[in-house]
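Some notes on the structure that comes next.
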Amino acid sequence: MWRAAVTIALQALQPLTPESSMSVSRPARRAVSVLSVAIAQAACCGDLSAQSTRPLLSQAAPSAASSNSEGAGALRTLPDFAPLVEKYGPAVVNVEVVEKSQPSAGGPPGLSPNDPFYDFFRRFGIPGPEQAPRGNQPPVRGAGSGFIVSQDGYILTNTHVVLNADEVTVRLTDRREFQAKVIGADERTDVAVIKISASNLPTVKLGDPSKVKPGQWVLAIGSPFGFENSATAGIISATARSLPSDNYVPFIQTDVAVNPGNSGGPLFNMAGEVVGINSQIFSRTGGYMGVSFAIPIDVARNVQEQLIKTGRVVRGRIGVTIQDVNAQLAESFGLDRPRGALVSSVERDGPASKAGLQPGDVILAVNGHPIERYGELSGSIAAMKPGSDATLQVWRGGKQQAVSIKIAELKEQQQTARTGGKPGSHATDQASQLGLD
């Protein structure tokens, strides 16, 4: 109908000759204007009818898209995380911590006890600006996340969440609160185990991080900035990341929004399995900037079992200093491509020295498992039981050879307390005393 109206209108709106324009009366012009309005209404009706046919077109689109790549089909649907949050959200808890109050030494804030002026201010009782009165400093409060791994109350979280804790309170999604006990904490992996006295608790399901691939969807649940049971989603950016400050954890890198308070919370895959513990972010502002890191759950599970059983974590060592192999080093050693861990130095009378390892050797595999980056070697050796035997594939002199080695135990270094109760080393305080950093 509207097409016929358009045809009539076009005929009516043909350019007028000077003679004919003089003969057109006002009623005729009004009729043409009314007809133009009718055409506009007809066009709107045509748009509505076209929209009504769009579902039919969209149903036909998959058959056309199916001839394209698989990626085009994957773009048609987005994941729905609601069932996952509903099922496993109750197993994610909020962890609130009150740290132990630390005695004040009476010196001005910001000065190390090794600073020459520190003793001067302390001895004569001269307060510095913004100095608190003598006595104990007020306790520091913090918050993080965790998730229940057993119905009898064992919970996994981060070490930095419960470090130096005097009181630990666990809050469930049903608003029940429990006082928790710290079973153990491992600073190297940043994994801690706490326990509450309860039964028949909701639990998570643990997955296999080795099956995780970049590009897969993942979900984090935690308490960012105290907002309990908040869910954020993203994808896996990379796996087996070695951070400069830690070579014992092959981190899972994601772009999931992780903020203060998310620490210790679970990272789920689309099957509802926990594949990691949210632990760190890369940031220049202190907040989320698109890069976050999670501890693989198999690493955390190993630490959990040892902490529950013995209260401490035992790791293996072979007594070498290692570094990454770049393109230049790979070419100089005759390797086909950069891979493995380069031995920089060998500890005297250590397991590596007794096995015949030398500086300049490149360790390519441990018990048949390839070592692509040097950080993977630390994690592989640390996971082995002290006293066990291992076979290393070593590149030396342009040839690959097998080296048998006995794993020794890694002795944890004793730490001393700094001012403020934060863990530090005597070497660090000594460096500050000498003016070196």
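Taking CD1 of I405 as the reference point, atom CD1 of I363 lies at 7.0 Å (rounded to 0.5 Å). Summarising the geometry, atom OG belonging to S237 is positioned 8.5 Å from atom CZ belonging to F293; distances are rounded to the nearest 0.5 Å. In this structure, CG on D255 lies 10.0 Å from CD1 on I236, to the nearest 0.5 angstrom. For the atom pair K205 NZ and N269 CG, the distance stands at 8.0 Å (nearest 0.5 Å). Of the inter-residue distances, the one linking Q304 atom CD with I277 atom CD1 reads 8.5 Å to the nearest 0.5 angstrom. With values rounded to the nearest 0.5 angstrom, L392 atom CG is found 6.0 Å from I381 atom CD1.
Residue pairs satisfying the ring-ring contact (aromatic ring centres under 6.0 Å, His included) criterion with at least one member in residues 147-200, sequence neighbours excluded, are absent. Within the structure, the salt bridge (Lys or Arg N to Asp or Glu O under 4.0 Å) test picks out the following pairs touching residues 320-339 (sequence neighbours left out): D324-R373, D336-R339, R337-E372. Pairs of residues two or more places apart, or lying in two chains, that qualify as ring-ring contact (aromatic ring centres under 6.0 Å, His included) and include a residue from residues 257-290 are Y88-F268.
A pairwise comparison of heavy atoms in S404 and T391 identifies OG-OG1, 4.4 Å as the closest pair. In this structure, E187 and T159 approach most closely via the heavy-atom pair CG-CG2, 4.0 Å. Heavy atoms only, all atoms of each residue included: K406 and D389 are closest at NZ-OD1, 3.0 Å. The minimum heavy-atom distance between I155 and V93, with the atom names listed, is CG2-CG2, 4.1 Å. Among all heavy-atom pairs drawn from D80 and P83, the shortest one is O-CD, 3.6 Å. Closest heavy-atom contact between L335 and V325: CD1-CG1, 4.4 Å.
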Between Q253 and T239, is a side-chain contact (heavy atoms from CB on, under 4.5 Å) present by the stated rule, with each step listed?
CA-CA 6 Å; Q253 179 186 336; T239 58; over 6 Å; no

Please test V394 against L364 for side-chain contact (heavy atoms from CB on, under 4.5 Å), starting from the C-alpha separation and ending with a verdict.
CA-CA 6 Å; V394 177; L364 301 178; over 6 Å; no

Please determine whether side-chain contact (heavy atoms from CB on, under 4.5 Å) holds for the pair Y374 and L342, giving the CA-CA distance in whole Å, both sets of side-chain angles, and the decisive distance to 0.1 Å.
CA-CA 7 Å; Y374 78 106; L342 173 62; over 6 Å; no

R141 vs E96, salt bridge (Lys or Arg N to Asp or Glu O under 4.0 Å): CA-CA, chis, key distance, verdict:
CA-CA 7 Å; R141 296 178 180 272; E96 293 185 355; over 6 Å; no

Decide yes or no on side-chain contact (heavy atoms from CB on, under 4.5 Å) for V343 and T321, but give the supporting numbers first.
CA-CA 6 Å; V343 177; T321 303; over 6 Å; no

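Between the side chain of N302 and the main chain of V299, no donor-acceptor pair closer than 3.5 Å is present. Not one N or O on the side chain of N262 forms a donor-acceptor pair closer than 3.5 Å with the backbone of G265. Under the 3.5 Å distance criterion, the side-chain polar atoms of N229 are left unmatched by any main-chain donor or acceptor of T173. D186 places no side-chain N or O within 3.5 Å of a backbone atom of V191 that could act as its donor or acceptor partner. Between the S353 side chain and the G350 main chain, no donor and acceptor come within less than 3.5 Å of each other. Using a distance-only test at 3.5 Å, with no hydrogens or angles considered, a donor-acceptor pair links the side chain of N326 to the main chain of L329.
Looking at S279 and D190, their side chains do bring a donor and an acceptor atom within 3.5 Å of each other. Side chains of S292 and Q280: a donor-acceptor N/O pair is absent below 3.5 angstrom, by distance only. For the residue pair Q323 and S344, a side-chain donor N or O sits within less than 3.5 Å of a side-chain acceptor on the partner.
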Using a 3.5 Å cut-off and no angle test, enumerate the donor-acceptor pairs between side-chain atoms of residues 206-226 and protein atoms at least two apart in sequence or in another chain.
from, atom 1, to, atom 2, distance (Å)
D208, OD1, S210, N, 3.1
D208, OD1, S210, OG, 2.7
D208, OD2, S210, OG, 2.9
Q216, OE1, K213, N, 3.1
S223, OG, N94, ND2, 3.2

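In this structure, the side chains of P250 and S242 stay at 4.5 Å or more apart for every pair of heavy atoms. Residues V92 and P266 have side chains in contact (heavy-atom distance under 4.5 Å, counting atoms from C-beta outward). Within the 4.5 Å cutoff, side-chain heavy atoms of V168 are placed close to those of V95. Counting heavy atoms from C-beta on, the side chains of R315 and R188 come closer than 4.5 Å. Proximity of I407 to I318: side-chain heavy atoms (C-beta onward) are separated by under 4.5 Å at one or more points. At least one side-chain heavy atom of V193 sits less than 4.5 Å from a side-chain heavy atom of L156. Residues V274 and V204 meet the side-chain proximity criterion, which asks for heavy atoms closer than 4.5 Å. Using a 4.5 Å heavy-atom threshold, the side chains of M384 and V366 count as touching.
Every side-chain hydrogen bond (donor to acceptor under 3.5 Å, both in side chains) that S283 has, sequence neighbours left out, goes to T285. Taking Q401 as the reference, R396 meet the side chain to side chain contact (heavy atoms under 4.5 Å, CB included) condition, with sequence neighbours excluded.
Taking 4.0 Å as the cut-off between side-chain N and carboxylate O, E177 and R175 do not count as a salt-bridged pair. Note on R317 versus E409: no salt bridge recorded, every NZ/NE/NH1/NH2 to OD/OE distance being 4.0 Å or above.
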